[in-house]
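To start, the structure under review is shown below, and the notes come after it.
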Protein chains: 2
Amino acid sequence: MTSNKLRRQPLYEQIKSLLMRRIAEGEWQANEVLPSEWELAGELAVSQGTVRKALTELVGEGLLYRQQGRGTFVSDIASDWGDCSLVTPGLPDERPDVIACELLGCSRMNAAEEIAQRFGIRRAAPLLRVRQVWRLRGQTVALDDALLPAERFEGLDARWVRECGGVYAALQRRFGVRPRLQTEQMRAVTLSREEAQLLNTSIDVPVLSVLRLSSSIEGEPIEWRQRYCLTEQLAYTVCRA
Amino acid sequence: MTSNKLRRQPLYEQIKSLLMRRIAEGEWQANEVLPSEWELAGELAVSQGTVRKALTELVGEGLLYRQQGRGTFVSDIASDWGDCSLVTPGLPDERPDVIACELLGCSRMNAAEEIAQRFGIRRAAPLLRVRQVWRLRGQTVALDDALLPAERFEGLDARWVRECGGVYAALQRRFGVRPRLQTEQMRAVTLSREEAQLLNTSIDVPVLSVLRLSSSIEGEPIEWRQRYCLTEQLAYTVCRA
DNA sequence: CAGTGGTCTAGACCACGTT
DNA sequence: ACGTGGTCTAGACCACTGT
């Protein structure tokens, strides 16, 4: 490992960063096996134990997974639902059905004071706004409205989101950023007429509002997303593995 | 460490169990310092690295916390809210106000098929039912209905829950079990007349329903809790630290 | 200064999966 | 049989906290 003597970062942190960068650059695809701990240790000129510590942390962060006797692998691309899903109420361990995304549109707007502060950008800085609806067995079940700092993700547009099948997948493939759900705020609300129309429901049915803040693994705020879910026949499930 | 040769459990797992038991038995109180890694290693006749691995996992599980240069400490007692709280909507990093618990009552009932299966107990086995309301700045804001397998927690009653200030605190102090939120299912619903009365609201205001499953750290299912939150002026926040 | 946790190394052996 | 990750050891040095 080419480590300057004046380093303030532990070796294993440097290795983590290096591996994250190389994965982001596509050196290994999803579900592909990494070199063994000993190979990495040789290549980076550190001990196997140090490589191991770096890998263990990346496994904990969800970027990698291990299988004893086989190797260490790159995890699947992140979904816009993270560790959440829509399932039948009362059956918390049901396998969720595949949910389909329809991109309504990407637009640009200027950051209000509150949002700007949260992203650590100047007031009225450009934001990227992505609107999506989600369908389950043909029914529209959720409406998303995501805001991202546009200057941080210059070049992200409707084509990327559509081709990758979601905002998070696009961020990971285009920028190597793996979003991490930070907080989610749930409320029971009713919708405006426009939103109700998009969700194909009436304005007096109670709807679950989820306000989500996501960050990169390093803690940089990435996304502010307002989601509305129809929960008459479904439940928004948060799963802590 | 007195480890039989035929062990299937790694040393550090045995140490984890041992420490959990000793903490549960009250050998060290909350925020009290543990013996140093070297002392524990000597006492248990293992290497310091093995103790370290055990402690690291317990820190990850929230039972302990470390401070460099000072030592390793026992964490605070768990709250019935876990990593969730009620805060002002739109301010996800606001410090939540202290929430006060009022115990409505403890009763016993028999397990329906679905619940029995989930707890891995026989049908119609006895359940402990704990009902609570929560107050914030004098306002009633949430109603809880918790079910626990009564035979597993024989002796748990209203006195324990009241004195400890919550079900989870009682479980930890009385049985050394630290509950771990497994899944939470959110829905926007309306209340029955009885529930609306307890929450001091009307039956047509939308309310957040949270159905929670908790387990011990070992994975044993512990609790099934139905919670209703008033979210007109508050948001139910799930925080992933 | 002594004592704590934090990092890093080198080497040994075990458990598992593939060949 | 071989290569992988998983456990365990012993020893070194660093960074931080208290006295």
Side-chain angles (χ1 to χ4, degrees), chain A residues 1-20 23 27-75, chain B residues 1-20 23 27-29 31-75 218:
Chain A
M1 198 78 191
T2 67
S3 67
N4 39 13
K5 274 294 179 193
L6 298 171
R7 68 185 157 81
R8 345 200 85 266
Q9 266 210 329
L11 265 181
Y12 75 91
E13 288 286 0
Q14 300 177 38
I15 296 173
K16 276 178 63 179
S17 307
L18 179 64
L19 290 175
M20 286 193 288
I23 290 168
E27 184 162 341
W28 305 287
Q29 299 300 313
N31 298 308
E32 201 170 323
V33 67
L34 259 57
S36 77
E37 297 178 351
W38 283 102
E39 282 175 324
L40 284 172
E43 180 187 337
L44 303 175
V46 299
S47 79
Q48 176 261 358
T50 301
V51 170
R52 184 169 188 77
K53 171 144 191 175
L55 292 178
T56 299
E57 295 225 341
L58 291 175
V59 167
E61 289 165 13
L63 185 62
L64 304 176
Y65 62 95
R66 286 202 260 233
Q67 285 185 21
Q68 176 165 157
R70 304 224 308 131
T72 304
F73 303 82
V74 178
S75 297
Chain B
M1 197 78 193
T2 67
S3 67
N4 38 14
K5 274 294 179 193
L6 298 171
R7 71 183 153 82
R8 343 200 84 268
Q9 268 209 329
L11 267 181
Y12 74 92
E13 288 286 359
Q14 301 177 37
I15 296 173
K16 275 178 63 178
S17 307
L18 179 64
L19 290 176
M20 286 193 289
I23 290 169
E27 183 163 343
W28 306 286
Q29 300 301 313
N31 298 308
E32 201 170 324
V33 66
L34 260 55
S36 78
E37 296 178 352
W38 283 103
E39 280 176 327
L40 285 172
E43 181 187 335
L44 304 173
V46 299
S47 77
Q48 174 262 359
T50 301
V51 170
R52 184 169 187 80
K53 171 144 192 175
L55 292 179
T56 300
E57 295 226 341
L58 291 174
V59 167
E61 289 166 12
L63 186 62
L64 304 176
Y65 63 94
R66 287 202 259 233
Q67 285 185 22
Q68 176 164 158
R70 304 224 307 130
T72 305
F73 303 81
V74 178
S75 298
E218 295 81 24

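A note on names: the letters A, B, ... follow the listed sequences, proteins ahead of strands, and every chain is numbered from 1. These figures come from a predicted structure and were not determined experimentally. Every heavy atom of this structure was used, including side-chain atoms; hydrogens, water molecules and symmetry mates were not.
We find that CD of E57(B) is positioned 12 Å from C1' of dG6(D), with the value rounded to whole Å. Atom-to-atom, CG of L34(A) to C1' of dT4(D) comes out at 13 Å; the value is rounded to the nearest Å. Computed from coordinates, the L40(A) CG to dG3(D) P distance equals 17 Å when rounded to whole Å. Between the P atom of dT4(D) and the CZ atom of R66(A) lies a distance of 14 Å, rounded to the nearest Å. Atom P of nucleotide dG5(C) and atom CG of L64(B) are separated by 11 Å, given to the nearest angstrom. Between L44(B) atom CG and dC8(D) atom P the separation is 13 Å, expressed in whole Å. The interatomic distance linking Q9(B) (CD) with dC8(D) (C1') rounds to 16 Å, in whole Å. One can place CD of Q67(A) at 15 Å from C1' of dG3(D), the figure rounded to the nearest angstrom.
Each of Q48(A) and G69(A) has a nearest nucleotide on DNA chain D; the 5'-most of these lies closest to G69(A). Comparing R70(A) and S47(A) against DNA chain C, the residue whose closest nucleotide sits nearer the 5' end is S47(A).
For the pair Q48(A) and E37(A), the tightest heavy-atom approach, listed with the atom from each and the gap, is NE2-OE1, 2.8 Å. The two residues Y12(B) and A54(B) make their nearest non-hydrogen contact at O-CB, 3.6 Å.
The side chain of R52(A) lies closest to dT7(D), out of dC8(C), dG6(C), dT7(D). Distance from the side chain of E39(A) is smallest to dT4(D) among dT4(D), dC8(D), dT4(C).
Of the options L55(A), L58(A), L19(A), a side-chain contact (heavy atoms from CB on, under 4.5 Å) to L63(A) is made by L58(A) and by none of the others.
Distances shorter than 4.0 Å separate none of the side-chain N or O atoms of Y12(A) from OP1 or OP2 on dC8(C). OP1 or OP2 of dG5(D) has at least one side-chain nitrogen or oxygen of T72(A) nearer than 4.0 Å. One finds no side-chain N or O of T50(A) lying less than 4.0 angstrom from the OP1 or OP2 phosphate oxygen of dT7(C). Regarding contacts with the backbone of dT7(D), a side-chain N or O of K53(B) is found under 4.0 angstrom from either OP1 or OP2.
Among the heavy atoms of the strands lying under 4.0 Å from E37(A) are primed sugar atoms or P, OP1, OP2 only; no base atom is included.
For T56(B) and R66(B), the side-chain atoms include at least one donor-acceptor pair closer than 3.5 Å.
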Give the intermediate values and the outcome of side-chain contact (heavy atoms from CB on, under 4.5 Å) for residues L64(A) and V74(A).
-> CA-CA 5 Å; L64(A) 304 176; V74(A) 178; 4.2 Å; yes

